Peer 1: 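Below is one structure. I have some questions about it.
Order of the sequence lines sets the chain letters (A, B, ...), proteins ahead of strands, with each chain counted from 1. Reckoned from all heavy atoms, side chains included, excluding hydrogens, waters and symmetry mates. Here the structure is a predicted model, which is why all the values come from computation and not from measurement.
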Amino acid sequence: MTLIETKPSENLNIVIVGHVDHGKSTLLGRLYADTDSLPDGKLEKVQAICKQQGKDFEYAFLFDAFLEEQEQGITIDTARTFFMWKGRQYIIIDAPGHKEFLKNMISGAARAEAALLLIDALEGVKEQSKKHGYLLSLLGVRQFAVVVNKMDLVGYRQDVFEGIEKEYREFLGQFKAVPSQFIPVSAKLGDNIANRSKQMPWYTGATVLETLGGFQKEAARSEQPLRMPVQDVYKFDARRIITGRIAAGRLKVGDHLVFSPSNKRANIRTVEAFNIEPQPAEGQAGQSIGVTLDDQIFVERGEIASHQEHLPSVSTAFRANLFWLGKRPLEKERKYLLRVATKEVDCEVASIHRIIDTMDLAQQQGSNTVNKNQVAELTLRTKTPVAFDLSASFEATGRFVLVDEYDIAGGGIITELVHDDQEFLREEARRRDFAWVKGEVTVEDRAQQYGHRAAVVLITGGRHTGKSFLARKLEGRLVADGRHAYLLDGENLRRGLDADLNEEERGQTTEMARRYGEVARLLTDTGLIVVSTTNPFGLAYQEAAQAIRTLVHPAPVIAVHMSKTEEEPPPNTDVVLSGPTDFDGATARIIDELKRRGVLAQAIGAKPVFQYSI
Amino acid sequence: MKHLRQLEDQSVYILREAYKHFNNLAMLWSMGKDSTVLLWLARKAFFGHVPFPLLHVDTSYKIPAMIEYRDRLAREWRLNLVVGQNKEALAAGMNHTMGRVVCCTALKTNGLKQLLEHKGYTGVILGVRADEEGTRAKERYFSPRDKHGDWDFRDQPPELWDQYKTTFPPGTHIRIHPLLDWTEINIWEYIKLENIPFIDLYLDKGEGIRYRSLGCAPCTTPIKSTAKTVDEIIEELRHTTVAERSGRAQDEGRGMELLRKDGYM
Ligand SMILES: Nc1nc2c(ncn2[C@@H]2O[C@H](COP(=O)(O)OP(=O)(O)O)[C@@H](O)[C@H]2O)c(=O)[nH]1
Ligand SMILES: [Mg+2]
């Protein structure tokens with residue numbers, strides 16, 4: 001046998017989906033057999049095994065490799081198969097159609113750039129036909145063809161084919177999915193797979209093989225605005241290299257980059273690469289690259305680099321469409337780890353708006369849980385601000401997964417930015433940071449000089465819990481240890497900086513918190529560890545604490561809550577002190593937390609090893 | 001060439017994810033073409049450095065030229081090489097005549113498990129490819145192994161877009177497979193593109209034979225071939241329809257499924 005192949009110019013990932021038993025694995029086997037793409041003897045070997053076991057030969061056995069799959073005649077997990085045709089290297093993923101293995105189908109489809117969706121002509125449109133169609137759209141696979149299989153079982157009748165086409169097009173139309181083709185085939189007998197069917201002269205469209213050839217490599221994301229999520233920062237040698245995979249757009253040496261949400265900025269000095277001559281000076285969407293910057297700013301994994309004209313959104317909340325695969329249901333108000341591009345942050349399900357039934361796209365409201373394999377619309381709230389995009393404009397930075405304990409348990413796309421109450425302050429911080437006039441001394445220079453990084457320790461709690469006493473004690477201990485710390489007492493601001501505020505403004509805390517935050521930001525910029533209480537804000541301290549966080553970001557805020565008896569601390573509290581206070585013990589715990597967060601080096605005088613970046 | 005750079009970008013991304021998420025990470029290196037390409041990709045990902053140890057599970061039955069090659073590259077590329085061996089099994093006389101699956105399980109699978117346990121690695125990078133055989137075609141990039149090192153292929157974790165399984169309960173570990181999407185031809189095309197040094201056992205030296213896949217000496221047989229250069233190998237592979245591992249004894253019958261379920265590479 002001969003294989004006519006030219007050198008492949010590109011890879012294309014294809015997934016085959018559809019209801020169980022509609023013939024996906026058979027179609028794949030047939031495609032390989034009819035194009036002479038199987039290794040020598042493979043077909044004969046499978047034929048011999050079937051004969052020996054007294055079973056009819058099934059093309060599906062070619063790729064259903066596990067013993068269990070062959071015994072039960074089903075596909076359990078996706079198989080990657082390789083197919084060369086007309087100068088293209090295809091990776092075709094055969095997905096399972098059984099609903100029990102939906103997570104495997106989704107894993108296969110998430111990798112795909114195009115899909116074939118199979119529907120059995122005799123059985124018609126079934127539950128998973130619809131679910132898979134809907135999920136393709138949710139997963140961002142917009143290029144697909146619908147293959148109506150087993151035409152041999154309906155006498156190759158055109159009206160049956162057209163009936164299915166009409167019904168399924170209507171379903172897809174509800175979420176605006178448009179397939180490139182409907183193809184009538186018999187996978188088992190080889191009609192319209194690689195060879196044109198003699199049984200269906202009424203069909204003159206593309207065969208499955210021709211359809212594959214017609215799928216396009218995804219349109220150049222390079223033409224979009226730049227998005228490069230930071231993957232890691234390396235310092236293996238003299239170079240400090242920021243690495244990441246460019247999700248959209250392009251960059252080149254000399255470009256001015258803004259990192260969100262920290263608002264750090266610098267110019268690209270070099271593009272680094274190993275064994276590439278001459279050294280590249282640019283990069284574009286899809287590439288995993290590394291750059292060095294002209295300014296030693298600290299950026300960390302999870303931030304998104306972009307150009308200043310097209311910044312990503314930043315918020316602590318967004319609305320999303322999600323599919324859930326977890327063993328236990330997703331619950332409102334439970335905590336999960338959110339991963340958007342390379343960012344990982346704790347989040348909570350703020351509300352579940354509705355569950356979507358993928359059979360009829362009916363919506364069910366008022367649920368507090370999302371069960372396995374369900375699709376839902378919900379709002380997520382994150383512990384700290386995240387940079388992201390809407391999935392309609394940027395695919396890679398507009399989608400996310402949720403991790404429940406050890407497992408990725410769900411995924412989704414971001415549909416809407418939810419404005420949070422910090423938006424104005426965040427805008428102020430962004431504008432301020434962009435225009436900030438920097439001296440020659442960098443944050444890093446100061447950290448090296450001081451032996452620690454800047455931070456804000458914010459002590460919250462009710463009246464007479466000992467907050468001020470602890471704050472003074474902590475300042476004293478830090479300075480005695482050789483740190484540069486300062487007690488910022490809100491009372492002092494009240495009488496000075498806030499003296500122009502009238503009674504009403506003082507009652508509202510907003511303006512006071514803003515001023516306080518800006519002062520704290522100035523002090524952290526000088527490299528100090530600022531110790532403070534929320535006394536001046538009275539009962540509104542929760543709100544004030546949030547405002548302060550937004551304004552001093554990205555300097556870390558270590559939140560300490562004191563109470564006489566057990567009580568629920570405010571969200572995001574790092575150190576909880578309740579009951580009679582042992583002030584020495586409390587001070588030691590806060591110092592441990594400062595070490596854990598990388599503010600303080602482990603030993604005084606030792607070279608600091610910093611884990612977070614500012 | 002574009003398709004090779006696409007594969008490279010994906011593999012580099014996976015390697016960097018692995019390095020970011022695993023404190024105790026290692027890469028398996030058998031000195032064959034695949035794991036050597038993998039090693040090269042690590043140098044790409046980390047800009048000339050290899051920031052984790054390379055493990056060689058030595059069965060003692062490797063072809064001597066492979067050991068020389070190993071030590072030379074380790075020196076030149078300043079690699080942190082860790083060699084493990086199931087000494088007990090060897091002392092007890094384990095060899096392929098006791099049965100191929102038995103021998104592979106003892107010397108490779110158990111040799112690897114001992115090494116992982118001893119060193120406490122929680123992430124192990126391997127150069128397996130989906131086109132090698134059926135069960136590998138069903139692997140994930142990040143594939144968990146339980147406390148006994150076993151693979152539960154019935155219940156693999158979801159893998160969505162570029163998000164991989166990087167958290168796992170204590171006592172278990174993750175196998176990382178950056179080369180899943182590469183074919184045998186891609187490996188040779190890349191060796192050529194990047195000019196990666198490889199063992200000349202893969203080339204015919206005038207006797208009309210060469211190795212297509214390298215394992216232990218007793219269980220690997222050369223194929224008939226006159227390919228004397230990488231170009232000739234690529235040309236040959238474009239026209240062959242014989243499976244790559246047809247010279248490997250373990251693949252007969254259900255050997256590979258059984259081996260891999262128990263934690264074989
Ligand atoms: N008559 C007929 N049977 C088919 C055709 N395609 C698949 N089948 C049979 O349908 C059954 C399920 O096929 P399989 O490929 O395993 O379905 P999958 O679950 O979608 O992968 C097998 O018994 C096949 O032989 C077809 O075109 N015509
Ligand atoms: Mg199947």
Side-chain angles (χ1 to χ4, degrees), chain A residues 1-3 5 7-11 13 36 38-42 63 65-68 76-82 89 91 103-104 106-107 110-111 139 231-232 234 236-237 239 241 243 245 272-275 286-288 290 301 325 337 339 341 396 399-401 403 405-409 411, chain B residues 1-3 5-13 16-17 19-20 40 43-49 51 130-131 133-140 144 153-154 156-165 167-169 172 180-181 183 185-186 189 194-195 238-244 246 254 257:
Chain A
M1 65 185 264
T2 49
L3 287 178
E5 287 165 2
K7 284 187 188 175
S9 59
E10 59 183 18
N11 289 313
N13 285 309
D36 271 354
L38 291 167
D40 276 353
K42 177 128 186 182
F63 298 110
F66 295 133
L67 180 62
E68 245 176 279
I76 293 179
D77 214 325
T78 52
R80 279 180 174 76
T81 69
F82 296 82
Q89 177 166 313
I91 299 183
K103 70 173 167 23
N104 297 341
I106 285 180
S107 302
R111 280 200 288 272
L139 288 163
Q231 192 177 7
D232 210 343
Y234 297 142
F236 296 121
D237 44 42
R239 301 167 292 180
I241 304 177
T243 64
R245 190 164 190 184
E272 296 295 329
F274 171 75
N275 200 42
Q287 290 182 325
S288 290
R301 179 183 165 95
L325 305 168
L337 183 74
R339 291 164 57 167
R399 60 197 181 195
F400 63 91
V401 299
V403 180
E405 213 177 12
Y406 298 115
D407 302 313
I408 290 178
Chain B
M1 196 188 99
K2 207 164 115 203
H3 70 294
R5 293 298 177 207
Q6 287 165 0
L7 290 168
E8 179 189 80
D9 285 322
Q10 174 72 357
S11 301
V12 162
Y13 186 83
R16 288 179 181 161
E17 282 302 282
Y19 181 61
K20 182 75 212 178
W40 187 267
R43 301 179 82 212
K44 281 263 169 194
F46 308 109
F47 305 94
H49 303 264
D131 76 332
E133 50 77 46
T135 72
R136 287 186 175 112
K138 293 177 178 269
E139 272 286 6
R140 298 282 197 263
F153 62 79
R154 273 176 232 83
Q156 298 202 70
E159 203 155 72
L160 294 168
W161 306 301
D162 278 339
Q163 304 289 357
Y164 309 119
K165 182 169 173 72
T167 44
F168 47 93
T172 65
L180 276 189
D181 295 340
T183 64
I185 293 187
N186 297 152
E189 289 172 330
E194 289 281 329
N195 199 13
R238 285 223 173 92
H239 297 286
T240 188
T241 49
V242 177
E244 171 184 7
S246 53
R254 292 223 155 257
E257 180 173 342

Peer 1: For D9(B), is there an ion pair with R245(A) - N to carboxylate O distance below 4.0 angstrom?
Peer 2: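 Salt bridge absent between R245(A) and D9(B).
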
Peer 1: Out of E8(B), Q10(B), E194(B), R140(B), return the one with the most heavy atom pairs under 4.5 angstrom to chain A.
Peer 2: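 Most heavy-atom pairs under 4.5 Å with chain A: R140(B).
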
Peer 1: Given that the side chain runs from C-beta out, which part of A341(A) has a heavy atom under 4.5 Å from chain B: side chain, backbone, both or neither?
Peer 2: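 Backbone of A341(A) only, per the 4.5 Å heavy-atom cut-off to chain B.
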
Peer 1: Side chain from CB out, backbone as N, CA, C, O: work out which of these in L325(A) comes under 4.5 Å of a heavy atom of chain B, or both, or neither.
Peer 2: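 For L325(A), side-chain heavy atoms alone lie under 4.5 Å from chain B.
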
Peer 1: For the candidates L337(A), T81(A), L139(A), which exhibits the highest count of non-hydrogen atom pairs separated by less than 4.5 Å from chain B?
Peer 2: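 Counting heavy-atom pairs under 4.5 Å, the top option is L139(A).
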
Peer 1: Rounded to the nearest 0.5 Å, how far does OG1 of T243(A) lie from CZ of F47(B)?
Peer 2: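 Interatomic distance, F47(B) CZ to T243(A) OG1, rounded to 0.5 Å: 6.5 Å.
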
Peer 1: Show the nearest heavy-atom pair for residues K165(B) and Y406(A), with the distance to one decimal.
Peer 2: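 Heavy atoms only, the tightest pair is NZ-O, 2.9 Å.
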
Peer 1: Would you please say whether a donor-acceptor pair under 3.5 Å links the side chains of N104(A) and Q156(B)?
Peer 2: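 Short answer, no.
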
Peer 1: Any idea which heavy atoms bring Q89(A) and N186(B) closest together, and the distance?
Peer 2: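 Looking at all heavy atoms of both residues, the closest pair is NE2-OD1, 2.8 Å.
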
Peer 1: Looking at D232(A) and K20(B), is any side-chain nitrogen of the basic one under 4.0 Å from a carboxylate oxygen of the acidic one?
Peer 2: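 Between D232(A) and K20(B) there is a salt bridge, with a charged N closer than 4.0 Å to a carboxylate O.
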
Peer 1: Relative to each other, are the rings of F236(A) and Y19(B) parallel, tilted or perpendicular (30° and 60° limits)?
Peer 2: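 The rings of F236(A) and Y19(B) sit tilted, inter-plane angle from 30° to 60°.
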
Peer 1: So what's closer than 4.5 Å to chain B heavy atoms on I91(A): side chain, backbone, both or neither?
Peer 2: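 It is the side chain, since no backbone atom gets that close.
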
Peer 1: Is R80(A) paired with E139(B) through a side-chain N to carboxylate O contact shorter than 4.0 Å?
Peer 2: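 A salt bridge is absent here (no side-chain N lies under 4.0 Å from a carboxylate O).
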
Peer 1: Test of understanding: with side chain to side chain donor-acceptor pair (under 3.5 Å), list the residues that count as partners of Q231(A), not counting sequence neighbours.
Peer 2: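 Counting only residues at least two positions away or on another chain, Q231(A) forms a side chain to side chain donor-acceptor pair (under 3.5 Å) with E17(B).
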
Peer 1: Look at L180(B), D162(B), L7(B) and state which one has the largest set of heavy-atom pairs under 4.5 Å with chain A.
Peer 2: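 Ranked by heavy-atom pairs under 4.5 Å with chain A, first place is L180(B).
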
Peer 1: Identify the two heavy atoms, one from Y234(A) and one from R16(B), that lie closest to each other, and give their separation to 0.1 Å.
Peer 2: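 Result for this residue pair: OH-CG, 3.1 Å.
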
Peer 1: I'd like to know which of A79(A), S107(A), A110(A) tops the heavy-atom pair count under 4.5 Å against chain B.
Peer 2: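 Highest number of heavy-atom pairs under 4.5 Å: S107(A).
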
